[in-house]
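Reading through the structure tokens given below for one structure.
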Amino acid sequence: MPVDILVGTQWGDEGKGKLIDVLTRDVDMVVRFQGGNNAGHTVEIGDKRYVLHLVPSGIFRPEVTCVIGNGLVVDPVALDEELRGIEEKGFSTDNVQLSNRAQMIFIYHRVADSLNESGATKKIGTTGRGIGPAYMDKMRRTGIRAIDLKFPEKLAEQFRTECARYNKIFAEAGIQQLDVEAELTKVLEAAKRLAPMVCDTVYSVNRAVKEGKNVLFEGAQGALLDIDHGTYPFVTSSNTTSGGACTGGGVPPQSIRDVWGVIKAYTTRVGEGPFPTELFDATGEKLRQIGREFGATTGRPRRCGWFDAVASRYACMVNGINKLAVTKLDCLDDLDEIAICVAYKVNGVLTTEFPASVAELEAAEPVYEYLPGWKCSTSEARKAADLPENARKYLARMAELVDSEIAIISVGPRRDQTFAADAE
Ligand code: GDP
Ligand code: IMO
Ligand code: MG
């Protein structure tokens with residue numbers, strides 16, 4: 001029963017979509033287990049580039065079953081649009097299953113998201129997709145689940161009730177009221193199309209596990225955006241770490257074999273919140289341009305900085321990562337010298353532990369170790385031996401500092417620019 005989990009080890013956008021696409025060559029089922037369409041997972045096949053938000057990144061392999069698990073918050077209108085887009089590009093969506101237990105995001109969650117942000121003293125810089133408010137409704141037990149897509153009358157009744165509740169909040173805030181019936185029409189249209197794919201995915205996933213199929217869980221966001229382990233409150237509203245796969249997919253912990261951690265050779269972050277190794281200079285700008293570091297969901301420029309081994313070691317520990325996939329090594333090709341943050345100095349005290357407090361993270365001065373660059377292209381490498389010695393040394397130091405092993409190296413966005421670390 002080989003069940004593996006793949007998660008991001010930083011603040012998202014590590015290249016999870018690409019890795020999932022590569023790993024699904026040998027996989028029967030891919031399961032997303034948390035988050036929503038705040039995710040933007042890029043897959044490049046040949047000269048084509050696809051960005052996925054809710055649909056698992058196994059969709060480009062027709063034999064793979066793609067499950068949108070119970071732990072997600074799903075905007076039905078956005079999912080309908082995404083599925084249409086995929087079909088228009090010539091791929092089948094027949095193998096997509098949507099958990100009947102998944103919570104749904106509606107217009108009022110998106111409006112509440114932007115209202116929260118506009119009134120906040122500490123803006124989080126959310127993606128504006130309604131993620132936080134939808135998870136809030138799940139926890140306050142007023143959420144509407146995907147199972148109700150199969151029962152339009154009940155769905156309409158619940159939708160109207162929730163719209164009335166939110167309209168009161170919006171009236172108090174002095175913002176525009178929702179046009180409930182117009183919004184309901186859009187939801188019911190999407191419901192017609194999505195209802196046939198709604199099923200009890202907890203059973204289908206567990207059946208696959210029992211039959212010995214290869215199942216891969218696809219994390220969204222990254223460990224440092226986890227609601228418990230991230231840089232709270234500058235986080236997303238779900239458990240992005242590996243434990244979330246059990247609750248968000250409905251599988252027991254003992255069914256898990258490997259936990260893959262996708263780790264960028266440097267660090268990026270979108271939105272607000274502490275980022276100790278952030279670069280505000282020409283090197284930061286260079287990484288942004290070379291790495292094409294602009295949000296796959298919102299298009300926002302990503303903040304860029306050096307690799308932070310303190311943060312990533314914490315992430316590897318919490319996730320139980322035993323296989324690392326290092327991405328974007330090629331983006332460092334041009335640098336004379338590369339820094340790795342090996343410790344923080346917080347208010348004069350040296351630490352290698354990742355602080356829970358935002359104030360401490362904001363005060364943290366990174367302690368850097370400098371490694372020489374390699375100053376040549378790595379994007380044509382197809383095995384570790386093809387890499388320049390300094391690149392191999394850099395990778396070895398990353399692995400040592402985060403206390404895990406590198407299993408895959410990625411030197412470009414395409415499928416063929418990925419190889420096993422022990423490939424000969
Ligand atoms: P995700 O959210 O973790 O799936 O990552 P994103 O898709 O948001 O961002 C990763 C970006 O880096 C995408 O544009 C990928 O096509 C690209 N990418 C992935 N791996 C590599 C790599 O090894 N080298 C380069 N240059 N780009 C990569
Ligand atoms: P993938 O899966 C990077 C960030 C937002 C914001 C915070 C909260 O592509 O790696 P939310 O809309 O979730 O309430 O926003 O989380 N964020 C991401 N950053 N990659 C993502 O997804 C993200 N999803 C959310 O920018 O800082
Ligand atoms: Mg992304």
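All figures in this text were calculated on a predicted structure; none of them were measured in a lab. Ligands are counted one by one from 1 in listed order, and the atoms in each one are counted from 1 as well. Start at 1 with the first residue, then count along the sequence.
Annotation: atom 10 (C) of ligand 1 to nearest protein heavy atom, Asp13 O, 3.8 Å. Closest to atom 3 (C) of ligand 2, if we only count protein heavy atoms, is Asp13 OD2, 3.2 Å. In terms of protein heavy atoms, atom 15 (O) of ligand 2 is closest to Thr126 CA, 3.3 Å. Counting only heavy atoms of the protein, atom 26 (N) of ligand 1 lies nearest to Asp330 OD2, 2.7 Å. With hydrogens left out, the protein atom closest to atom 16 (O) of ligand 1 is Pro413 CB, 3.5 Å, a heavy atom. Ranking protein heavy atoms by distance to atom 1 (P) of ligand 1, first place goes to Lys16 N, 3.5 Å. The nearest protein atom to atom 11 (C) of ligand 1, hydrogens excluded, is given as Lys328 NZ, 3.6 Å; this is a heavy-atom distance. The protein heavy atom nearest to atom 23 (C) of ligand 2 is Gln221 CG, 3.6 Å. Of all protein heavy atoms, the one lying nearest to atom 14 (O) of ligand 1 is Arg49 NH2, 3.0 Å. At the shortest separation from atom 4 (O) of ligand 1 among protein heavy atoms lies Gly17 N, 2.8 Å. At the shortest separation from atom 15 (C) of ligand 1 among protein heavy atoms lies Thr42 CB, 4.0 Å.
Shown are Glu285, Glu293, Arg292; of these, the side chain to side chain donor-acceptor pair (under 3.5 Å) with Gln289 is made only by Glu285. Here the options are Ile147, Asn70, Leu54, Val198, the test is side-chain contact (heavy atoms from CB on, under 4.5 Å), and the partner is Leu98; only Val198 passes.
At least one heavy atom of Cys331 sits less than 4.0 Å from an atom of ligand 1. Residue contact check for ligand 2: Arg129 places no non-hydrogen atom closer than 4.0 Å to it. Between Arg302 and ligand 2 there is no heavy-atom distance shorter than 4.0 Å. Using 4.0 Å as the threshold, Gly40 has a heavy atom nearer than that to some atom of ligand 2. Residue contacts with ligand 2 leave out Ala296, since none of its heavy atoms falls under 4.0 Å from the ligand.
For ligand 1, the polar-atom distance check finds an N/O of Gly412 within less than 3.5 Å of one of the ligand's N/O atoms. An N or O contact shorter than 3.5 Å links Gly40 to ligand 1 by distance. Polar contact with ligand 2: absent for Glu14 (N/O pair, distance under 3.5 Å). Inclusion of Gly15 in the set of residues having an N or O under 3.5 Å from an N or O of ligand 1 is warranted.
With a 4.0 Å heavy-atom cut-off, ligand 2 is reached by the side chain of Lys16 but not by its N, CA, C or O. By the criterion of a heavy-atom distance under 4.0 Å, neither the backbone nor the side chain of Val43 is placed next to ligand 1. When non-hydrogen atoms are compared, ligand 1 lies under 4.0 Å from neither the backbone nor the side chain of Arg292. Contacts of Ala39 with ligand 1, taken as heavy-atom pairs under 4.0 Å, are absent altogether. Counting heavy atoms under 4.0 Å from ligand 1, residue Arg302 touches it through the side chain alone.
The atom of Asp13 nearest to the Mg ion (ligand 3) is OD1, with the search restricted to N, O or S atoms.
Taking the six-membered ring for Trp and the full ring otherwise, the centers of Phe170 and Tyr108 sit at least 6.0 Å from each other. Between Tyr266 and Trp306, a ring centre-to-centre spacing not shorter than 6.0 Å is recorded.
Counted by atom type alone, Ser410 and Lys18 present one or more donor-acceptor pairs between their side chains at under 3.5 Å.
Taking the charged nitrogens against the carboxylate oxygens, Asp386 and Lys383 do have a contact shorter than 4.0 Å, which makes a salt bridge. A salt bridge does not link Arg61 to Asp28: none of the charged side-chain nitrogens sits closer than 4.0 Å to a carboxylate oxygen. With respect to Arg397 and Glu369, a salt bridge is recorded, a charged nitrogen being found less than 4.0 Å from a carboxylate O.
Heavy-atom proximity to Gly125, at under 4.0 Å, picks out these atoms of ligand 2: 5 (C), 6 (C), 26 (O), 27 (O). For ligand 2, the atoms closer than 4.0 angstrom to any heavy atom of Ala220 are 2 (O). Within ligand 2, the atoms closer than 4.0 Å to a non-hydrogen atom of Ala39 are 1 (P), 2 (O), 9 (O), 22 (O), numbered from 1 in the order shown. Remark: ligand 2 atoms within the under-4.0 Å shell around heavy atoms of Arg300 are 5 (C), 26 (O). Near Ile124, meaning under 4.0 Å from one of its heavy atoms, ligand 2 places the atoms 8 (C), 27 (O). For ligand 2, the atoms lying closer than 4.0 Å to a non-hydrogen atom of His41 are 1 (P), 2 (O), 9 (O). Within the listing of ligand 2, atoms 3 (C), 19 (N) sit less than 4.0 angstrom from a heavy atom of Trp11.
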Criterion salt bridge (Lys or Arg N to Asp or Glu O under 4.0 Å) on Asp21 and Lys16, from CA distance to verdict: CA-CA 9 Å; Asp21 171 63; Lys16 298 176 292 294; over 6 Å; no

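For the pair Glu117 (side chain) and Thr126 (backbone), a donor-acceptor distance under 3.5 Å is present.
Which of Ile131, Thr297, Leu225, Val235 comes nearest to atom 18 (C) of ligand 2 through a heavy atom is settled by distance: it is Leu225.
Among the backbone and side-chain atoms of Gly40, an N, O or S atom lies under 2.8 Å from the Mg ion (ligand 3).
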